[in-house]
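Order of listing sets the numbers, starting from 1, for every ligand and every atom in it.
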Amino acid sequence: MTTSDTTLHPTLKFVCSTCGKTHAPEESEYACRACGPSGILEPASLPITILEEGLFTSSPGMWRYEKLLCLSPVAPRPPLHVGATPLLHAQRLGQSLGLPHLHIKNDSLNPTGSLKDRASAVALARAAEIGAKRVAVASTGNAGSSLAGLAASMGMPAAIFVPASAPRAKLVQALLYGAQVFAVQGSYDDAFELCLQACDHFGWYNRNTAYNPYTIEGKKTVAYEMYEQLGNAAPDIVFIPTGDGCILSGVARGFRDLQTLGMIDRVPRLVAVQAQGSNAIARALAGSGTLSAIKAHSVADSISVNVPRNGAMAVRDVRQSGGRAVVVSDEAIIAAVQELAAMTGIFAEPAAAASLAGLHAYLAEATEESAHSRHEIVVLLVTGTGLKDVDAAARAAPAPIPVEPSLHSLEEALNL
Ligand SMILES: *Cc1c(COP(=O)(O)O)cnc(C)c1O
Ligand SMILES: [Zn+2]
């Protein structure tokens, strides 16, 4: 098999995660025709089945993995560089927790400041390929600012539907990128529904999380990067902040792909970290697996959802990986923002720091026998930058020390 044989489009198929029906990409751009929005489509297989030389390419950032994406090779890519984010060996934080192999995958370093850029990049490539005139998304904030930024880089008009309560920085970001931003007087779920209706009505391309199958395709690249950055090995366990559950399923798919290709033996245990006030996936995992809507509230806006849009798939993926869910309080999340910043130099938004809060909860609940697991390779996925929500972070910050512009005043302040 040569590189030119890897043109995948003619054989590319999606399969409904609910009923199992297959669809060609042009048959259904989004969800299953039979099941509607809950029939989330997944690639029926990897576009490449033979482990050939040069599986990974020298394209920039996440496009290094373009041969493994269910996307036409000719789909135009947004020019902003997404992915290739660092994996930091967090030695100081690891030492304080008794975990010598603690790593942080810092996806806050994407161009618009969150992991959502991986999804936006692939969705925009698909939108451009099929000639979309405008792209749209409903978002708690990051998917919107991400789509707006990457769309700006390609000159594609964008419409963003956010709940009126979204953090200001995320709105300002989307507005300055030139998107039309609609502040929906309601919840994220209301924004989601309105975006579905608008795309249907106006023929816009819809990047809604879970509904658009290319979003999880983009997110899976973060798993490929972890694998390469760990010296071509999978971690043992990954902590993933979880709202809709798309990031989690993206990570699962990435590692599953590598397993299919014979590059790793097994998918790491995936731990879904949820906020106490937004714990539908955790409750489904603790119970029979069925999801019920809740009235979500959390300081971690990016993981606060009433109905997890990718809940069923995330529950499946956590179970298949042998992982579990942990639930953390808003106080624990804010404490984790502070600890992560002070111990690693990484300033994360609350949802992103939730992975550290989740690690604490996991260690506190760990049994004696799982104490061996302290030698495991642990990855915390940090999904968005703290600069997106300074107000939330400020809750954990002391006030600055007022001083006159004199050494004397400084000495007084220092109690010298
Ligand atoms: C979107 C987002 C999440 C949660 O991702 P889901 O796919 O909704 O589970 C976590 N952290 C940040 C910063 C996000 O933007
Ligand atoms: Zn279906």
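- The stretch residues 122-178 participates, sequence neighbours left out, in these ring pair (Phe, Tyr, Trp, His ring centres under 6.0 Å) pairs: F161-F182.
- Within 6.0 Å of the CZ atom in R168, the count of heavy atoms belonging to other residues, nucleotides or ligands does not exceed 12.
- A heavy-atom cutoff of 4.0 Å around ligand 1 is satisfied by the protein residues K116, N142, K219, P241, T242, G243, D244, G245, C246, I247, S302, I303, E349, A351, T383, G384.
- Among residues at least two apart or in separate chains, ring pair (Phe, Tyr, Trp, His ring centres under 6.0 Å) pairs with a member in residues 234-257 are F239-Y362.
- If you check the side chains of Y224 and D257, you find a donor sitting under 3.5 Å from an acceptor.
- There is no side-chain donor-acceptor pair under 3.5 Å between D301 and T140.
- Counting heavy atoms of neighbouring residues, nucleotides and ligands inside a 6.0 Å radius, atom CG of D265 does not exceed 12 of them.
- Within the protein, the N, O or S atoms sitting under 2.8 Å from the Zn ion (ligand 2) are C16 SG, C19 SG, C32 SG, C35 SG.
- Side-chain rings of Y214 and Y205 stay apart, their centers remaining 6.0 Å or farther from each other.
- Judged by distance alone, the side chains of S120 and S146 do bring a donor and an acceptor atom under 3.5 Å apart.
- A donor-acceptor pair under 3.5 Å is formed between the side chain of K105 and the backbone N or O of T85.
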